[in-house]
There are 2 protein chains.
Amino acid sequence: MYGVHRGTFYGRWTPYTCQGNDGPTAAVRSAREETGDIATQIEAAAQPRLPLSKERILGTAVALADEGGIDAVSMRKIAQALGVVPMALYKHVRNKDELLDGMVDAIVGEIDPPAVGIDWKTTIRQRILSARQVLLRHPWASRVIEARTRARPDPTPAVMDYMESMVGILRAGGFSIDLTHHALHAMGSRLLGFSQELFEDSPSADPMPDAPPPQEMAARYPNITELVTAITHEQGSVVGPGCDDQFEFEFALDLLLDGLERLRTST
Amino acid sequence: MYGVHRGTFYGRWTPYTCQGNDGPTAAVRSAREETGDIATQIEAAAQPRLPLSKERILGTAVALADEGGIDAVSMRKIAQALGVVPMALYKHVRNKDELLDGMVDAIVGEIDPPAVGIDWKTTIRQRILSARQVLLRHPWASRVIEARTRARPDPTPAVMDYMESMVGILRAGGFSIDLTHHALHAMGSRLLGFSQELFEDSPSADPMPDAPPPQEMAARYPNITELVTAITHEQGSVVGPGCDDQFEFEFALDLLLDGLERLRTST
DNA sequence: ACCTGAACACCGTTCAAGT
DNA sequence: ACCTGAACACCGTTCAAGT
């Protein structure tokens with residue numbers, strides 16, 4: 001089960017994990033201000049009164065990623081934003097992998113705690129949708145989580161807490177151990193609020209200069225063209241917004257939850 | 001719908017896409033031999049009789065990724081394996097992004113074509129399981145597909161062919177356009193054979209040196225511990241193989257397919 | 001006209017020199 | 001003992017020099 005049964009899930013426990021669930025952490029908030037504009041950066045460089053800490057480093061890293069994507073996060077750039085020499089970071093973070101781990105944990109810590117006294121399905125549903133909102137605020141995070149997962153099997157501490165809570169909800173809701181196990185696998189990455197779409201739905205500004213003409217597309221891809229045409233017309237505008245991602249996410253989520261509920265009551 | 005309704009899906013059409021479905025492509029096979037051992041590499045460097053081509057470059061890149069992961073793929077290393085100066089690659093590939101696109105298309109081209117004359121569910125099921133086998137042979141591919149998806153919305157040509165075929169199967173199976181649309185979203189990345197597991201199940205050789213003692217784990221994560229214990233005992237050995245990934249994948253896939261079948265017949 | 005070596009602007013991390 | 005600048009081994013890509 002997720003590789004945790006071989007003792008490989010004993011993640012290192014680090015203090016920065018214990019953070020509230022009231023939105024962005026203090027470290028992230030202060031770092032946003034720090035990297036918010038160039039004047040502040042220069043000031044920070046001139047007067048590094050605050051002592052460096054793992055929390056400040058992680059906050060700056062998250063802010064950089066939120067603003068410029070994960071490629072904007074490098075040891076050198078974090079150091080620059082903090083007005084510090086790159087090597088200074090290595091006193092608080094072993095290497096870049098540990099930095100990414102810390103960033104993931106800070107994000108996962110933002111997910112709302114589970115509701116209490118409600119049926120399992122509503123509780124799980126709300127929590128997953130909360131996780132989705134958090135990851136929509138930090139679009140880089142799901143890719144970091146996924147890359148980290150492949151590199152090292154032991155989940156980070158905050159992810160462990162999250163999973164523990166999810167398993168508890170299912171067990172309390174009457175799921176057998178086996179069905180709980182299968183349920184976790186079935187929901188997969190949706191547990192953390194992201195479903196990997198094969199194609200991005202973002203509004204691409206560039207209209208694809210070397211695109212084949214529509215007739216050729218319709219001939220080559222008749223079924224896709226039909227689908228695209230129907231959805232475009234349904235929304236009443238040719239350049240309207242794309243799919244309702246929220247609806248599609250909930251559609252798939254409910255398909256799974258309803259199926260699990262059926263299996264739960266059938267045994 | 002996957003962003004394709006805004007005309008952004010007119011992927012560039014390149015000749016290397018048109019490949020059979022009989023396993024690894026010729027380019028990949030020959031490149032495997034080329035990079036197979038050092039002697040061959042040196043020989044290739046000494047006698048570059050074969051002219052450089054996009055196919056040879058892609059084949060070498062795929063072989064390098066299969067052997068050493070995606071980090072082993074760099075313009076410089078590909079050139080070295082081909083006995084060529086790095087800049088020579090840029091005559092056949094615009095940049096590294098285009099190279100990755102080509103690698104993805106070569107892999108997707110390996111997926112079995114759909115069976116004919118069978119019900120929609122079996123056909124879709126078989127095809128997705130075939131895609132899964134392909135991606136298990138090339139563990140780097142799903143991550144590249146996902147990263148590419150976020151960077152640019154238009155799918156690569158081979159992916160477009162695959163999607164067109166999938167949509168056709170659903171439509172022929174009696175799905176309405178709307179339900180076809182939702183079905184594609186619901187299956188998400190499973191369509192291409194990978195479900196993003198939150199935790200990797202690979203046998204990690206290192207036993208986590210700084211792991212907390214089991215009692216502490218059991219106290220902190222009682223539900224997870226119960227799950228892990230049950231699954232370990234179920235398999236009868238403490239260090240036995242992990243979860244049955246194939247089973248879990250099919251469990252989730254069937255949950256979705258059964259749910260879709262119910263929706264299909266209910267309208 | 002073509003090919004390619006050097007160079008540019010990065011990166012994470014090591015290591016020894018300076019305080 | 002601590003901090004840090006230079007250096008190392010990479011990377012993708014530009015560009016001008018050489019043929």
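Proteins get letters first, then strands, A, B, ... in listed order; numbering begins at 1 in each. Atoms considered below: every heavy atom in the structure, side chains included; atoms not considered: hydrogens, waters and symmetry mates.
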>> Using the P atom as the point on both nucleotides, what is the distance between C/dC2 and D/dT13, in whole Å?
In response: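 To the nearest whole Å, 22 Å.
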>> Would you measure the distance from the C1' atom in C/dG12 across to the matching atom in D/dT14 and give it in whole Å?
In response: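 Comparing C1' positions in C/dG12 and D/dT14 gives a spacing of 23 Å.
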I'd like a table of atom pairs between the protein and nucleotides 10-13 of chain D - only N or O on both sides, under 3.5 Å - with the distance next to each one.
{"from": "D/dC11", "atom 1": "OP1", "to": "B/Ser74", "atom 2": "OG", "distance (Å)": "3.0"}
{"from": "D/dG12", "atom 1": "OP1", "to": "B/Met75", "atom 2": "N", "distance (Å)": "3.2"}
{"from": "D/dG12", "atom 1": "OP1", "to": "B/Lys96", "atom 2": "NZ", "distance (Å)": "2.9"}
{"from": "D/dG12", "atom 1": "OP2", "to": "B/Met75", "atom 2": "N", "distance (Å)": "3.1"}
{"from": "D/dG12", "atom 1": "N7", "to": "B/Arg76", "atom 2": "NH1", "distance (Å)": "2.2"}
{"from": "D/dG12", "atom 1": "O6", "to": "B/Arg76", "atom 2": "NH1", "distance (Å)": "3.2"}
{"from": "D/dG12", "atom 1": "O6", "to": "B/Arg76", "atom 2": "NH2", "distance (Å)": "3.3"}
{"from": "D/dT13", "atom 1": "OP2", "to": "B/Tyr90", "atom 2": "OH", "distance (Å)": "2.9"}
{"from": "D/dT13", "atom 1": "OP2", "to": "B/Lys96", "atom 2": "N", "distance (Å)": "3.1"}

>> Using whole Å, what does the distance between atom C1' of nucleotide C/dC2 and atom CG of B/Leu52 come to?
In response: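 These atoms are roughly 15 Å apart.
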>> Can you measure B/Leu89 atom CG to C/dC2 atom C1' for me and round it to whole angstrom units?
In response: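 Interatomic distance, CG of B/Leu89 to C1' of C/dC2: 16 Å.
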> With Watson-Crick and G-U wobble geometry limited to distances under 3.5 Å, how should the secondary structure of DNA chain D be encoded in dot-bracket form, using | for bases paired to another strand and [ ] for crossing pairs?
Replying inline: ||.|||||...|||||.||
> If you measure only the distance, is there a donor-acceptor pair under 3.5 Å linking the side chains of B/Asp105 and B/Thr156?
Replying inline: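 Yes, side-chain donor-acceptor contact under 3.5 Å.
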[X] side chain to [Y] main-chain N or O, any donor-acceptor pair under 3.5 Å?
X        : Y        : answer
A/Ser189 : A/Phe194 : yes
B/His92  : B/Ile57  : no
A/His138 : A/Ile107 : no

>> Just to verify, what does A/Ala72 make a side-chain contact (heavy atoms from CB on, under 4.5 Å) with, not counting sequence neighbours?
In response: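 A/Ala72 satisfies side-chain contact (heavy atoms from CB on, under 4.5 Å) with no other residue.
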>> Holding to side-chain contact (heavy atoms from CB on, under 4.5 Å), I want the full list of residues that pass it with A/Leu136, two or more places apart in sequence or in another chain.
In response: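 Applying side-chain contact (heavy atoms from CB on, under 4.5 Å) to A/Leu136 gives A/Arg132, A/Gln133.
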>> Using the salt bridge (charged side-chain N to carboxylate O under 4.0 Å, His left out) criterion, which residues pair with A/Glu146? Sequence neighbours excluded.
In response: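 For A/Glu146 the salt bridge (charged side-chain N to carboxylate O under 4.0 Å, His left out) partners, ignoring immediate neighbours, are A/Arg150.
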>> Checking B/Ser165 now: which residues fulfil side chain to side chain donor-acceptor pair (under 3.5 Å) with it, not counting sequence neighbours?
In response: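 For B/Ser165, the residues satisfying side chain to side chain donor-acceptor pair (under 3.5 Å) (neighbours in sequence not counted) are B/Arg127.
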